[in-house]
Amino acid sequence: MYARIKADQDQEHEQRHKQEAARPSGHTSSAVGSSPAAGRTRLGTWLVWGGLLLMLASTGLIPAVAGEWERLGGTLGLGVLSANAAQSDSAGAGLTLKEAESLEEIGAPAPMAYEAREQATVRAGTLTAAVEVHGVNGAYRDFTGAESEAGTQLSRTAVSEHSRVAVLGAEAAEQLFRSRQVAGRTITLYGVPFTVIGVLQEKDSLLQRLSASSLAQVWIPVTTMLDLRPETRIRTVQWTARPSSAVSGVQEMTAALRSIGQNAANFSLTNNVLKGRVVRQWKDLLEFLFGGAAIWAMVSLLLRQIKSGSRLLKQRLHTDDWPDALSALKRPLLLHFAASVLLAGGIVGVWLAIRFRLYLPPAWLPEQLIDLPFYWEKVQLLWQQSNMRAGYAPSPQELDALAAGRLSAGLAAAGALAGLPSLLLGLRIWALAGLPMEQRLTRVLLWLPAAVLLIAGAARWAGLAYTVEPAAYAIPALLAIATIINKE
């Protein structure tokens, strides 16, 4: 197949050279580097390189974003359900300590974390800092991936004993002590002294930076916080998800809140199990899109092989009978057959690699496909929720989920709306500029490992754990190769 395409290409180039030689000399005196064809080749090269980079980055970094979000969830990862008080500006919004402890008893033995938070001013000597204070219970470490840079973290004993101890974020330690080795030092919060027992590591990943608060952070036992600030309410509750929570997580949270006399409408309910599936599904959708384009290109090549072999055989049958025609065309027909089998195998392989089960949240599935009142109700619900969130203060966990969702959706949009069109347009421009097929294939194959290195460097800068998945790179490569051959 490649030999025949090369022969056709050489014939076209020979005809083009003859036409250029027949032109007056004044029309051929320009340098090759400044010719329109050279300019189109450079444009095509930039488009191909940019398109491949965006496609590979989108499919490669989305799993890294999901993995980082899962790491931030601590030992439970994304297996978490959370409820955050919707009226954050109301002093009575949220739960009392007794209500939170009742919820913990209902969910036992699975861990449950709850948190009260507010802004305050903390002092150390002559230095002060505006901070966000988090009052947490003993299970909070199961729900966070934050690691200690110095000292230790809050324990269940510290919470049960109402200890006046604090853990500082790296920024708070720098502002108050100009150092992070501050275990054993004293700060003043709410007018009373707290002993610093540890410092958490600085937020080093892009996802953490996108979801980080503008204030420095301090963690103290929730029991101590409510002793000193009895009017404060617990704003956020986090449950360990059950195996059925992907479908019934919201109903589970609603029932738990109702059991202690709380109305779930006063809380923003978040199902990280469901959100995690949606974020990871972006990669599957992209691979399905890229793989579908590759299958289309390979089907076109397969049809060309079948038509070309049929044409050869028909031409030979004009002069020979079947046995003689088959004997004379044995080699080219075998080459056509081998190429067809190879393409068919590639089509099946790509389909097996890209197929997946599309996940849609059950709440967004109507009983009938065409149900206009159902869709209108969902649009109204989204509008109401957006209005209710005006002035709403999301929890740190919600900020992580929001950042992961936006970042993965942005990567998916870049790959689908910019990467794939740029690659196809660049390959088309290469063909129109007359760039030889061997050079096109060589450039694509050389650019793939270079793109891997660039993406790995970008992931390292963003603090994401990036891994190379063969399928994520094989599919764009097959698409590019099949399209290049198809353009001949």
Side-chain angles (χ1 to χ4, degrees), residues 1-23 37 40-41 44 47-48 51-52 288-355 420-421 423-445 471 474-488:
M1 177 179 66
Y2 295 102
R4 188 178 64 262
I5 293 175
K6 180 64 171 61
D8 294 341
Q9 183 182 5
D10 292 341
Q11 185 177 1
E12 291 176 3
H13 288 168
E14 184 179 353
Q15 293 177 354
R16 189 180 298 114
H17 291 321
K18 289 180 179 179
Q19 292 174 358
E20 291 177 355
R23 293 176 185 172
R40 288 196 297 269
T41 299
L47 288 172
V48 170
L52 276 175
F288 189 83
L289 175 63
F290 301 158
I295 288 175
W296 179 267
M298 287 190 289
V299 167
S300 299
L301 275 178
L302 178 60
L303 294 177
R304 284 179 57 182
Q305 287 296 315
I306 295 174
K307 290 180 180 179
S308 178
S310 300
R311 191 184 311 113
L312 281 176
L313 189 57
K314 287 180 180 178
Q315 291 175 351
R316 194 71 181 191
L317 288 174
H318 288 160
T319 57
D320 297 335
D321 54 11
W322 274 95
D324 293 338
L326 291 175
S327 177
L329 298 175
K330 182 193 308 183
R331 180 178 176 79
L333 289 179
L334 284 175
L335 290 176
H336 280 290
F337 178 75
S340 299
V341 171
L342 183 63
L343 288 168
I347 292 169
V348 174
V350 171
W351 172 252
L352 293 177
I354 67 173
R355 65 174 183 170
L420 180 60
L423 173 64
L424 297 178
L425 179 59
L427 295 175
R428 177 64 177 170
I429 292 175
W430 269 356
L432 293 175
L435 187 67
M437 185 177 66
E438 292 87 348
Q439 293 188 26
R440 283 177 273 169
L441 291 172
T442 301
R443 293 186 183 193
V444 167
L445 294 177
I475 292 173
L478 283 175
L479 170 60
I481 293 171
T483 304
I484 287 172
I485 298 174
N486 238 343
K487 296 298 182 183
E488 295 298 325

Inset, instruction - Specify the closest pair of heavy atoms between Leu52 and Pro476, including all atoms of both residues, with the distance to one decimal. - result: CD2-CB, 4.1 Å
Inset, instruction - Measure the spacing between CG of Leu441 and CH2 of Trp430 and express it to the nearest 0.5 Å. - result: 9.0 Å
Legend entry - Shortest non-hydrogen separation from Gln305 to Ser340 and the atoms involved: CB-OG, 3.5 Å
Inset, instruction - Please round to the nearest 0.5 Å and tell me the distance separating atom CG of Leu329 and atom CG of Asp320. - result: 8.5 Å
Inset, instruction - For Ala328 and Arg316, work out which heavy atoms get closest and say how close. - result: CB-NH2, 3.3 Å
Legend entry - From Ile484 atom CD1 to Leu479 atom CG, the distance as rounded to the nearest 0.5 Å: 9.5 Å
Inset, instruction - Of all the heavy-atom pairs spanning Asn486 and Arg304, show the shortest one and how long it is. - result: O-NH1, 3.1 Å
Legend entry - Student check: side-chain heavy atoms of Leu423 and Thr483 closer than 4.5 Å: no
Inset, instruction - Flag the pair Arg311 / Ser308 as yes when at least one side-chain heavy-atom distance between them is below 4.5 Å, and no otherwise. - result: yes
Legend entry - Test log, rule side-chain contact (heavy atoms from CB on, under 4.5 Å), inputs Lys330 and Leu334: CA-CA 6 Å; Lys330 182 193 308 183; Leu334 284 175; 3.9 Å; yes
Legend entry - Pairwise distance CD1(Ile481) to CD1(Ile485) - rounded to 0.5 angstrom: 7.0 Å
Inset, instruction - Starting at CG of Asp324, measure out to OG1 of Thr319 and round the result to the nearest 0.5 Å. - result: 9.0 Å
Inset, instruction - Starting from the C-alpha separation in whole Å, work towards a yes-or-no answer on side-chain contact (heavy atoms from CB on, under 4.5 Å) for Arg443 and Thr41. - result: CA-CA 12 Å; Arg443 293 186 183 193; Thr41 299; 3.7 Å; yes
Inset, instruction - Work out which heavy atom in Val48 is nearest to a heavy atom in Leu427; give both atom names and the distance. - result: CG2-N, 3.6 Å
Legend entry - Over all atoms of both residues, closest heavy-atom pair of Leu420 and Phe290: CB-CE2, 4.0 Å
Inset, instruction - State whether the number of non-hydrogen atoms from other residues, nucleotides or ligands found under 6.0 Å of Arg428 atom CZ is greater than 12. - result: no
Legend entry - pair Leu313-Leu326: side-chain heavy atoms closer than 4.5 Å: yes
Legend entry - Nearest-0.5 Å distance, CG of residue Leu312 to CG of residue Leu317: 11.0 Å
